[in-house]
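The block underneath contains the structure these notes are about, expressed in structure tokens.
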2 protein chains.
Amino acid sequence: MTTRARREREKEERRQTILRAAREVFLEEGFHRATVDSIAERAEVSKGTVYLYFESKESLLAHLLLEGLAALLGYLEEAYAPDRTLDAEERLRRLGWAYLQFFQREPHYFRFLMAVDRGRFRETVSPQTYRQVLEASLEGLNWVVRAIEQGIEEGSFHCCDARQAAATLWATLNGVLELMAHPLRQEMVGVTPDVLYRTAIETVIRGLR
Amino acid sequence: MTTRARREREKEERRQTILRAAREVFLEEGFHRATVDSIAERAEVSKGTVYLYFESKESLLAHLLLEGLAALLGYLEEAYAPDRTLDAEERLRRLGWAYLQFFQREPHYFRFLMAVDRGRFRETVSPQTYRQVLEASLEGLNWVVRAIEQGIEEGSFHCCDARQAAATLWATLNGVLELMAHPLRQEMVGVTPDVLYRTAIETVIRGLR
DNA sequence: TAACCACGGGTCATATACTGACTACAAGTC
DNA sequence: GACTTGTAGTCAGTATATGACCCGTGGTTA
């Protein structure tokens, strides 16, 4: 039936509407102060409908996080290009660029991931959700780790703890992205954000040689 | 309830989807050959849903016509500006311009009105629908009639049958609009459509003086 | 001419989606 | 420790959508 496709489309749209509303309310109020009623109201549905699409308030949070991370992972995997042969430095540059892309194209997800991962996140969600989020995050970092390990094997990077090095790169880039959101800081630094971003990547790469 | 507004919006959207589908199918197949099943399919709903929103196949046609005419009447009334004082010629120019606007902004309605009003329309619909459509059409023409009568009263137009003059203007403009849809004819004439349109209006007005 | 059949307008019992008043309970307040 | 408040989560009731079906019409064949 032609109808089938349309109905599924509409269902997915409603789901997304609810997720978007939840994201906004969580960002504005924080998870604890946010109420399911206000999410429902923002999404223009009844509370019952929210529970028709998501089993609990926490699962709204989990879906936001996991879908955001899934999107990021998509960007990273494509950048890494596992089935192409690229040298380690090239891979790192591409991964860094992908992260910037994610930041620019999915600003909501990015902001949300950043906002959630501070404060008492561990106590907020079930151990299960916590584990899933942790695993997805690690999976992201792993693309970077893999590129660095490749560089060590190839002899172009000096020997070091790859995970630690990956974390350094990640933290560095976060710092630059954070700066992008603050015009004042940007002006203080006096460099356009993308030059700064590129410089940051190159600096870390040089440090790894 | 916040929900209320959204639900009414969605209902109206569905209604419009069905109307649009009906318009397309009627134009492609003609009223008789068109089937309600194919309209439902195009609108991605079941036949039952079509009958939930419209009571019959004919009422689909009637709504398309009457809503199209209502839109046109809106343009005309605004152009005539009953509560402002304008001279007759200015009113005619504005009415002509409004008709062009309608043609450009509501091409679907325009095409549909043109297409339906030939062939065996009278036998196709109930006398009731026929009367309503006729009345709405006359109401449109009446704005033109009124402007011409005003010109006669003011002494700027020579005495004539206002209705007949209005029909002349209308037919003239239809001719130009028809031409607009045919690039070849346009090229033959060698004048840009809006110059032609303006000329046509001015010619008729001059003829009325 | 009569028997048949395919088509398509219109119906309605059923299925799906949505609602919001309600319950239960946790966290504060006196 | 009783009492209030606020909110996560439930469910009986309602609104909306579906498509198998009914039935008349107009065309076809014997």
Side-chain angles (χ1 to χ4, degrees), chain A residues 1-26 28-64 120 123-126 128-129, chain B residues 1-26 28-64 120 123-126 128-129:
Chain A
M1 235 321 93
T2 326
T3 279
R4 175 88 142 281
R6 192 213 80 216
R7 298 187 97 194
E8 269 160 28
R9 213 169 53 226
E10 285 178 351
K11 227 167 162 175
E12 179 56 24
E13 274 163 20
R14 182 121 312 158
R15 210 186 92 98
Q16 289 301 330
T17 301
I18 293 169
L19 272 182
R20 188 175 346 115
R23 200 188 57 219
E24 289 171 8
V25 174
F26 286 159
E28 282 169 23
E29 307 281 345
F31 182 77
H32 290 292
R33 286 165 45 96
T35 69
V36 176
D37 276 309
S38 66
I39 291 169
E41 192 180 341
R42 169 112 30 155
E44 291 183 294
V45 299
S46 70
K47 183 148 72 164
T49 301
V50 173
Y51 281 93
L52 211 60
Y53 284 81
F54 298 94
E55 58 186 16
S56 66
K57 184 182 173 187
E58 192 202 309
S59 97
L60 274 168
L61 179 65
H63 274 98
L64 281 169
R120 327 163 292 300
E123 298 86 73
T124 301
V125 297
S126 67
Q128 200 163 323
T129 300
Chain B
M1 234 321 92
T2 326
T3 278
R4 174 88 141 282
R6 192 213 78 215
R7 298 188 95 192
E8 269 161 27
R9 213 168 54 226
E10 285 178 351
K11 225 166 162 176
E12 179 56 23
E13 275 163 20
R14 182 122 311 158
R15 210 185 93 97
Q16 289 301 328
T17 301
I18 294 169
L19 273 181
R20 188 175 345 114
R23 199 187 59 218
E24 289 171 8
V25 175
F26 286 159
E28 283 169 23
E29 307 282 344
F31 182 76
H32 290 292
R33 285 165 43 97
T35 69
V36 176
D37 276 309
S38 67
I39 292 169
E41 192 180 341
R42 169 109 33 154
E44 290 183 295
V45 299
S46 70
K47 183 151 70 166
T49 301
V50 172
Y51 281 93
L52 209 61
Y53 284 81
F54 297 93
E55 58 186 15
S56 66
K57 185 182 173 187
E58 192 202 308
S59 97
L60 275 168
L61 180 65
H63 275 98
L64 281 169
R120 326 163 293 299
E123 298 86 74
T124 301
V125 297
S126 66
Q128 198 164 323
T129 300

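First the proteins, then the strands, lettered A, B, ... as listed; each starts at 1.
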- Message: Taking 4.0 Å as the cut-off, does a side-chain nitrogen or oxygen of B:Y53 come that near to OP1 or OP2 on D:dA17?
- Response: yes
- Query: So, is B:R6 close to the C:dT19 phosphate, meaning a side-chain N or O under 4.0 Å from OP1 or OP2?
  - Reply: yes
- Query: Which part of the nucleic acid does A:F54 contact within heavy-atom distance under 4.0 Å: base, sugar-phosphate only, or nothing?
  - Reply: nothing
- Item | Quiz item: cation-pi between B:K57 and B:F26, 6.0 Å / 45° | no
- Strand-adjacent residues in residues 10-19 of chain B, judged by heavy atoms under 4.0 Å from DNA chain D: B:K11, B:R14
With sequence neighbours excluded, residues passing salt bridge (charged side-chain N to carboxylate O under 4.0 Å, His left out) with [X]:
{"X": "B:R9", "value": "A:E44"}
{"X": "A:E8", "value": "A:R4"}
{"X": "A:E10", "value": "A:R6, B:R14"}
{"X": "B:E29", "value": "B:R33"}

- Item | Set of side-chain hydrogen bond (donor to acceptor under 3.5 Å, both in side chains) partners for A:T35, sequence neighbours left out |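 Only A:S38 meet the side-chain hydrogen bond (donor to acceptor under 3.5 Å, both in side chains) criterion with A:T35.
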- Query: Roughly, in whole Å, what's the span from CD in A:E44 to P in C:dC18?
  - Reply: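 Those two atoms, CD and P, are 13 Å apart.
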- Query: Taking atom P of D:dA15 as reference, at what distance in whole Å does atom CZ of B:R4 sit?
  - Reply: 11 Å
Enumerate the protein-to-nucleotides 7-14 of chain D contacts in which both atoms are nitrogen or oxygen and the separation is below 3.5 Å.
unit_1 : atom_1 : unit_2 : atom_2 : d
D:dA8  : OP1    : A:A34  : O      : 3.4
D:dA8  : OP1    : A:K57  : NZ     : 3.2
D:dA8  : OP2    : A:V36  : N      : 2.7
D:dA8  : N7     : A:K47  : NZ     : 3.0
D:dG9  : OP2    : A:Y51  : OH     : 2.8
D:dG9  : OP2    : A:K57  : N      : 2.9
D:dG9  : N7     : A:K47  : NZ     : 3.1
D:dG9  : O6     : A:K47  : NZ     : 2.9

- Item | Residues forming a side chain to side chain contact (heavy atoms under 4.5 Å, CB included) with A:Y51, sequence neighbours excluded | A:V36, A:K47
- Query: With sequence neighbours excluded, what pairs up with A:Y53 under the ring pair (Phe, Tyr, Trp, His ring centres under 6.0 Å) test?
  - Reply: none
